[in-house]
Amino acid sequence: MAAAARINCSSLHNTLGFLNPLHYSLNSKANHLRTVRHFRRNIPSSFSHRAVFCSSAASNSTPLEPNEVVSDPFVLTTPLYYVNAPPHMGSAYTTIAADAIARFQRLLGKKVIFVTGTDEHGEKIAAAAAAAGSSPKEHCDIVSQAYKKLWEDLDIAYDKFIRTTDPKHEYIVKEFYSRVLANGDIYRADYEGLYCINCEEYKDEKELLENNCCPTHLKPCVARKEDNYFFALSKYQKRLEEILTSDMVKPSFRLNEVQTWIKSGLRDFSISRASVDWGIPVPNDSKQTIYDILRFHAVYWPAMLMSAGLDLPKMVFGHGFLTKDGMKMGKSLGNTIEPNELVSKFGSDAVRYFFLREVEFGSDGDYSEERFINIVNAHLANTIGNLLNRTLGLLKKNCQSTLVTDSSTAAEGTKFKDAVEKLVEKARVNYENLSLSSACEAVLEIGNAGNSYMDERAPWSLFKQGGAAAEDAAKDLVIILETMRIIAIALSPISPGLCWRIYAQLGFSKNQFDAATWSETKWGGLKKGQVMGQPKPVFARIENLTEGENGVELPKKGAKRKEKSPKAQQAVEA
């Protein structure tokens with residue numbers, strides 16, 4: 001039972017949690033579950049080896065002034081990732097998604113507390129450390145640091161990094177355990193059954209495959225008998241059936257899975273181990289250690305919250321698998337996606353954009369390098385990057401890189417401004433609904449609209465005509481650059497590095513970018529006389545490479561660098 005290390009709060013508000021893949025058996029099939037959660041009440045708590053439940057300090061001892069309004073914080077958690085092995089792409093995907101949502105909530109002006117971290121207790125971790133010839137603590141230090149480094153490379157802007165070996169964390173676990181014990185929901189009993197070492201839990205025989213193999217790890221479970229502490233889950237059967245509705249569990253097919261599992265009958269489960277030394281000691285029984293038991297977060301966790309007297313999650317959102325080239329990933333197949341290699345090769349903005357754009361949150365998603373390159377080149381390098389570059393080039397050549405009028409004035413009498421504002425609202429709604437792929441698509445539509453406007457207006461030709469036509473062309477450039485300013489804010493939760501580079505070329509400082517809010521997606525931010533930066537690519541086009549002799553990467557056979565379209569070429573030369 002792993003928990004977040006904070007207890008200095010008197011209330012919990014709007015907590016949102018993303019959970020690592022859970023493995024549970026339905027129709028002899030392993031499934032992954034990650035969840036989104038909202039909590040209310042008064043104790044920090046965050047648990048998991050395959051999940052995390054975090055909370056936040058929402059208030060302090062300082063009295064409020066008369067009429068002072070305090071907004072609820074938005075608390076977002078990733079899993080506390082299990083450190084038996086280095087971070088993988090599944091961990092990265094969950095954290096990227098959480099970071100995007102945290103960034104969007106900050107744009108809305110909310111106080112956001114974004115938590116991530118590592119779960120560092122358990123039998124598998126002790127075994128991994130022994131195999132490496134190190135102590136469990138040394139092993140955890142190394143892998144935990146690897147997570148921190150990857151999150152830095154991926155531009156993950158977390159507020160708290162929790163390690164379950166921290167003393168504060170241990171205090172939280174014991175406090176939560178004591179609450180549940182005081183409610184009469186923990187008892188001691190002998191247990192004998194088939195135990196999966198990789199899952200670190202006992203399995204029902206009905207969920208196992210041939211030869212008592214775990215359906216998740218495909219390895220035989222071992223017979224084990226222990227004297228452990230149990231949580232009285234069966235006591236909460238009826239209450240769980242009542243609370244698990246369509247409002248709490250999404251998407252709907254996840255709700256069906258949860259309800260089916262509950263209706264099969266809930267059994268009490270073990271929450272401690274006598275055979276695992278690398279864990280947090282049970283209060284008043286040092287021979288037992290608390291371990292990760294949240295096999296199913298939409299069932300076990302709400303029941304324990306009820307027992308502890310805490311409010312329940314408002315929503316649980318489950319999302320799916322990542323595959324590569326249409327196949328499940330595995331080291332034995334040699335087709336894993338290594339996030340460090342991906343970021344090193346393509347950069348953070350490309351990695352973040354591809355997985356959030358191409359994987360609809362809640363559904364399974366597939367990665368192929370060819371599609372990755374095609375998508376980020378088309379969307380980031382061409383639609384967005386090239387539009388900015390060609391516009392700034394024209395502005396430099398014809399207007400000394402200076403805006404001739406306010407963007408609000410430039411757009412008077414055009415329908416373009418209204419179209420952009422509708423797309424901005426579309427993006428906002430999708431962000432709010434956790435439809436991150438659709439949010440990306442809405443922002444890309446703004447870029448497509450900007451390119452269409454540029455091609456229709458052909459300002460390079462208008463500049464050549466001089467007079468009133470040239471004045472109109474200068475206004476057109478202001479309109480396009482205002483569009484780019486709006487894109488830089490609206491896409492910043494997805495690809496923050498790229499958006500900062502756009503903002504910088506529009507003449508803004510890093511402080512201005514960091515302080516930007518969603519309200520600034522409203523048309524009219526650029527003013528007459530503003531000086532734009534020098535045009536240079538904000539996103540380098542990725543060449544489609546293959547490995548040649550001696551490991552040297554060469555262009556793929558038949559692959560050609562795309563030539564500029566006649567219109568784009570004309571714009572650059574104008």
Side-chain angles (χ1 to χ4, degrees), residues 16 18 74 76-79 81 86-108 110 112-118 144-162 322 337-359 361 365 367 372 375-377 379-381 384-385 388 427 431 434 436-437 439-440 443-444 487-506 508-518 537-540 542:
L16 177 66
F18 284 85
F74 186 91
L76 176 66
T77 78
T78 73
Y81 298 108
H88 52 73
M89 195 59 229
S91 308
Y93 171 63
T94 309
T95 311
I96 291 168
D99 183 70
I101 293 173
R103 287 176 181 272
F104 171 70
Q105 293 295 327
R106 292 188 189 108
L107 285 177
L108 295 181
K110 293 184 181 179
V112 174
I113 302 174
F114 175 25
V115 182
T116 186
T118 46
S144 182
Q145 184 58 40
Y147 274 98
K148 286 186 175 182
K149 180 61 170 64
L150 179 58
W151 295 169
E152 179 183 354
D153 293 342
L154 281 169
D155 290 325
I156 305 299
Y158 60 81
D159 299 292
K160 302 282 186 181
F161 191 96
I162 304 301
L322 289 180
I337 304 173
E338 297 298 335
N340 288 294
E341 293 179 9
L342 212 58
V343 175
S344 176
K345 189 173 183 179
F346 299 120
S348 172
D349 290 313
V351 173
R352 291 174 63 108
Y353 182 84
F354 176 83
F355 283 101
L356 296 181
R357 168 62 177 81
E358 288 300 293
V359 182
F361 207 49
Y367 168 86
F372 180 100
I375 288 293
V376 298
N377 277 345
H379 296 184
L380 303 186
I384 293 175
L388 175 64
Y431 275 126
L434 306 182
L436 302 179
S437 176
C440 291
V443 178
L444 188 69
I487 289 174
I489 297 174
L491 194 63
S492 64
I494 307 297
S495 296
L498 167 64
C499 292
W500 154 236
R501 293 191 294 275
I502 294 172
Y503 224 58
Q505 288 201 26
L506 297 177
F508 295 101
S509 68
K510 186 63 162 63
N511 287 340
Q512 288 174 306
F513 177 72
D514 292 340
T517 64
W518 190 263
V538 291
F539 187 88
I542 301 171

Asks: So, do T95 and Y81 sit near enough that their side-chain heavy atoms are less than 4.5 Å apart?
Replies: yes
Asks: Please confirm whether the backbone N or O of I489 pairs with a side-chain atom of S492, one donor and one acceptor, at under 3.5 Å?
Replies: yes
Asks: Report yes if some heavy atom in the side chain of I101 is under 4.5 Å from a heavy atom in the side chain of F114; otherwise report no.
Replies: no
Asks: For the residue pair F104 and Y431, categorise the inter-ring angle as parallel (less than 30°), tilted (30 to 60°) or perpendicular (more than 60°).
Replies: parallel
Asks: Under the side chain to side chain contact (heavy atoms under 4.5 Å, CB included) criterion, do F161 and T118 qualify, and how do the steps go?
Replies: CA-CA 8 Å; F161 191 96; T118 46; 3.9 Å; yes
Asks: Output, in order, the C-alpha distance, side-chain angles, deciding distance and verdict of side chain to side chain contact (heavy atoms under 4.5 Å, CB included) for T116 and K148.
Replies: CA-CA 9 Å; T116 186; K148 286 186 175 182; over 6 Å; no
Asks: Looking at every non-hydrogen atom in both residues, tell me the closest pair between A350 and F539 and how far apart they are.
Replies: CB-CZ, 3.9 Å
Asks: Step by step, would you call D349 with V376 a side chain to side chain contact (heavy atoms under 4.5 Å, CB included)?
Replies: CA-CA 9 Å; D349 290 313; V376 298; over 6 Å; no
Asks: Is the centre of the F513 ring less than 6.0 Å from the centre of the F508 ring?
Replies: no
Asks: Just wondering, do L76 and Y158 contact through their side chains at under 4.5 Å, heavy atoms?
Replies: no
Asks: Minimum heavy-atom separation for A157 to R103, with atom names?
Replies: CB-NH2, 3.6 Å
Asks: Taking all non-hydrogen atoms of both residues, which atom of I502 and which atom of A488 are closest, and how far apart?
Replies: CG2-CB, 3.8 Å
Asks: Quick check: do L380 and F354 have side-chain heavy atoms less than 4.5 Å from each other?
Replies: no
Asks: How many angstroms lie between atom CD1 of I156 and atom CG of D99, to the nearest 0.5 angstrom?
Replies: 4.0 Å
Asks: From M89 CE over to L322 CG, what is the distance, rounded to the nearest 0.5 angstrom?
Replies: 6.5 Å
Asks: To the nearest 0.5 angstrom, please state how far the CH2 atom of W500 sits from the CD atom of Q505.
Replies: 10.5 Å
Asks: Which heavy atom in I494 sits nearest to a heavy atom in R352, and how many Å separate them?
Replies: O-NE, 2.7 Å
Asks: Quick one: pull up CD1 in I487 and CG in L388 and give me the separation to the nearest 0.5 Å.
Replies: 9.0 Å
Asks: Kindly give the heavy-atom pair with the smallest separation between P493 and L107, and that separation in Å.
Replies: CG-CD1, 3.8 Å
Asks: At what distance, to the nearest 0.5 angstrom, does OG of S495 lie from NE2 of H379?
Replies: 12.0 Å
Asks: Are any non-hydrogen side-chain atoms of L491 and Y353 less than 4.5 angstrom apart?
Replies: yes
Asks: Taking all non-hydrogen atoms of both residues into account, name the closest pair between V343 and S348 and its distance.
Replies: CG1-N, 4.1 Å
Asks: For Y367 and L342, what are the C-alpha separation, side-chain angles and deciding distance, and is it a side chain to side chain contact (heavy atoms under 4.5 Å, CB included)?
Replies: CA-CA 11 Å; Y367 168 86; L342 212 58; 3.3 Å; yes
Asks: Working to the nearest 0.5 angstrom, can you tell me the gap between I162 CD1 and T77 OG1?
Replies: 10.5 Å
